[in-house]
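The basis for the numbers below is simple: all heavy atoms, side chains too, and nothing from hydrogens, waters or symmetry mates. Lettering of chains follows the sequences in order, A, B, ..., and the numbering in each one begins at 1.
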Amino acid sequence: MSPKRLIARLDIKGHRLVKGIHLEGWRFLPKHPNAYCYDYYLQGIDEIIYVDAVASLYGRDSLKEIIRKTTENVFIPITVGGGIRTIDDAHDILRSGADKVAICSQAVKTPELISEVANKFGNQCMVLSIQAKKNTSGRFEVWYDVAREKTEMDVMEWARKGEALGAGEILLTSVDMEGMEKGMDLELIRQVSQVVSIPVIASGGLSNAGDFVKAVGEGADAVAVAKAFHYGRVTVEQIKREAAEQGINVR
Amino acid sequence: MSKTVSIIDYGMSNLLSICRAFEHIGAMVQVIDKAEDVLKSDYLILPGVGAFPDGMKELAKRGLVEHIQQFAGSGKPLLGICLGMQMLLSKGHEHTVTDGLNIIEGEVLALPKDMKGYKVPNINWHSADENAPGNWKGSVFENTKNGTCFYFVHSYYAHPADEKHLLATSQFGDLKFAAAVKRENVTGTQFHPEKSGEDGLELLRRFIRD
């Protein structure tokens, strides 16, 4: 089995770390985002994902400042998403020190941006961020604009299209499970992992080490953890130890 | 005067991350893009993110190809990272066949897409294994424990013609591929030491010790 990655996800509003439920109702966390990030780095996290939670045009400088400061003492890959609308936005974020960009809303609006970013900076740089929500008939639909706007698009279809357009990875967030700490949406993870051949990062709902094992079991290549880390419910080491005991290849 | 690490800027790399990593370990760092500065360097870094043909084209455009080859022959330490490592070889097979810097004989081939459970692009931490006992002595891996994990992001891999140029290997399914290559003063890592945590920094520290 290929190695599986454990990622810390930090949602940012202005210059603060926030955490919500279903991507809304943001609450501020006490310490500076860089402090959380550095702590996870020392614990042996494999990657960092920053998401601008409000994706506003304002406050971009504080996001770049957070990235810049992160690169001073955190030497692992950094993905940044939220509010990237153009190839210049992507370039700007990469120049601040990010290794990859995650694009959600603008990819829905202008899918060709996926190809532009992939062609210019390489597929490995282009993470397609998908906000998925199950509708009443049990189908997973694509949402965007921080899960406020809905499309009729099927998540599997969109994932496949994203891969064809040049995305190198998929950041798959279950809006339903996000912030709930009741486990991840395993059905969603399984379905998406089956239809694409690029790595899938599962996000939303992890509450304990067992959830990592389950997500990987359904095909996730990586799992992103937010709340459970920020609130100290589980540590990097606990997840990795449990995963290793279950025969999962982790660093 | 302390020695300086020169990082080649040819428009295709994560320069900032590499600069930060070297600064963090206390090195003097300069970014260079002129051919004449290459030979003046104490330590030369050839970074790279992107496609092989584009990389070679950008190097050629700046007149850097011959100067990098000459630097490699000077005995001073040269480190290629990711695409920068791949371009050290003779030929690349990405999109089309392209001549490389030919400092280490060999080819750059596509990762197989049919390895069960292994995806392309290969974005992952993989353990680097010592290819032969004692192989790491005197190399950038001198202080590294066999099996230490490093961060890889790639769709192609280097295949040196002569196994003696294999410094470290990793597994991609059934395929054993070059995690690092070395020929005398020239080293290349497929992984990103600047993104591989403290173990990556240790490798860079060892590199600037020579």
Side-chain angles (χ1 to χ4, degrees), chain A residues 1-7 40-48 67-79 93-100 118-127 163 166-170 193 196-201 216 219-222 240 248-251, chain B residues 11-25 48-52 54-55 82-83 94 111 113-127 147-156 170-173 175 191-204:
Chain A
M1 196 211 303
S2 67
K4 305 300 171 194
R5 290 169 284 154
L6 181 60
I7 300 175
Y40 302 145
Y41 171 67
L42 293 181
Q43 288 184 41
I45 200 77
D46 295 323
E47 284 187 50
I48 297 290
I67 305 167
R68 202 187 57 72
K69 278 183 93 163
T70 304
T71 60
E72 281 172 12
N73 60 7
V74 170
F75 299 97
I76 51 173
I78 301 162
T79 301
I93 290 293
L94 293 170
R95 236 185 356 217
S96 305
D99 300 287
K100 318 176 204 178
N119 289 339
K120 177 128 195 217
F121 306 110
N123 306 58
Q124 82 292 333
C125 232
M126 172 60 228
V127 180
E163 179 181 14
E169 272 183 296
I170 288 175
S193 301
V196 294
S197 61
I198 51 177
V200 174
I201 305 165
V216 165
D221 297 278
K240 290 205 172 183
I248 296 170
N249 184 356
V250 286
R251 176 166 74 110
Chain B
M12 288 182 63
S13 78
N14 55 338
L15 269 186
L16 184 83
S17 298
I18 296 174
C19 289
R20 286 281 157 74
F22 275 109
E23 282 161 10
H24 188 79
I25 61 170
V49 170
F52 194 104
D54 300 337
C82 199
L83 173 64
E94 188 163 356
L111 283 171
K113 292 199 170 164
D114 55 354
M115 266 329 152
K116 206 174 161 358
Y118 285 75
K119 296 180 175 179
V120 179
N122 177 33
I123 304 178
N124 227 327
W125 293 78
H126 287 276
S127 66
T148 297
C149 290
F150 295 93
Y151 187 76
F152 293 76
V153 182
H154 63 130
S155 300
Y156 290 78
S170 290
Q171 279 309 128
F172 184 80
L175 173 75
F191 56 83
H192 287 274
E194 77 284 6
K195 286 285 160 189
S196 296
E198 298 300 312
D199 292 318
L201 295 178
E202 184 51 42
L203 189 141
L204 297 179

Between B/N122, B/I123, B/T148, which residue shows the highest count of heavy-atom pairs closer than 4.5 Å to chain A?
B/I123

Treating B/W125 as the side-chain partner and A/D46 as the backbone partner, does any N or O pair qualify as donor plus acceptor under 3.5 Å?
yes

Please rank A/L42, A/N73, A/D99 by heavy-atom pairs under 4.5 Å with chain B and give me the top one.
A/D99

I'd like to know if the side chain of A/R251 and the backbone of B/S127 have a donor-acceptor N/O pair within less than 3.5 Å.
no

Where on B/E198 is there a heavy atom nearer than 4.5 Å to chain A: the side chain, the backbone, both, or neither?
both

Taking every non-hydrogen pair under 4.5 Å, which of B/L16, B/N124, B/D54 racks up the most with chain A?
B/N124

Closest non-hydrogen contact found for A/P3 with B/Y118 is CD-CE2, 4.3 Å

What part of B/L201 gets closer than 4.5 Å to chain A, counting heavy atoms only: side chain, backbone, both or neither?
side chain

Please evaluate residues B/H24 and A/E72 with respect to the criterion side chain to side chain contact (heavy atoms under 4.5 Å, CB included), reporting the C-alpha separation (whole Å), side-chain torsions for both, the decisive distance (0.1 Å), and the verdict.
CA-CA 7 Å; B/H24 188 79; A/E72 281 172 12; over 6 Å; no

Interatomic distance, A/S2 atom OG to B/M115 atom CE [nearest 0.5 angstrom]
12.5 Å

So which part of A/R95 gets closer than 4.5 Å to some heavy atom of chain B, the side chain, the backbone, both or neither?
backbone

Smallest heavy-atom separation, B/K119 atom then A/D221 atom, equals NZ-OD2, 2.7 Å

Looking at A/I198, A/N123, A/N249, which makes the most heavy-atom pairs under 4.5 Å with chain B?
A/I198

Can a donor-acceptor pair be found, under 3.5 Å and without considering hydrogens, that links the side chain of A/T71 to the backbone of B/S17?
no

Can you tell which of A/S197, A/G219, A/G168, A/S96 has the highest number of heavy-atom pairs within less than 4.5 Å of chain B?
A/S197

For residues A/P199 and B/P121, report the shortest heavy-atom separation together with the two atoms involved.
CG-O, 4.0 Å

Has B/K195 got a side-chain atom pairing as donor or acceptor with A/F75's backbone, closer than 3.5 angstrom?
no

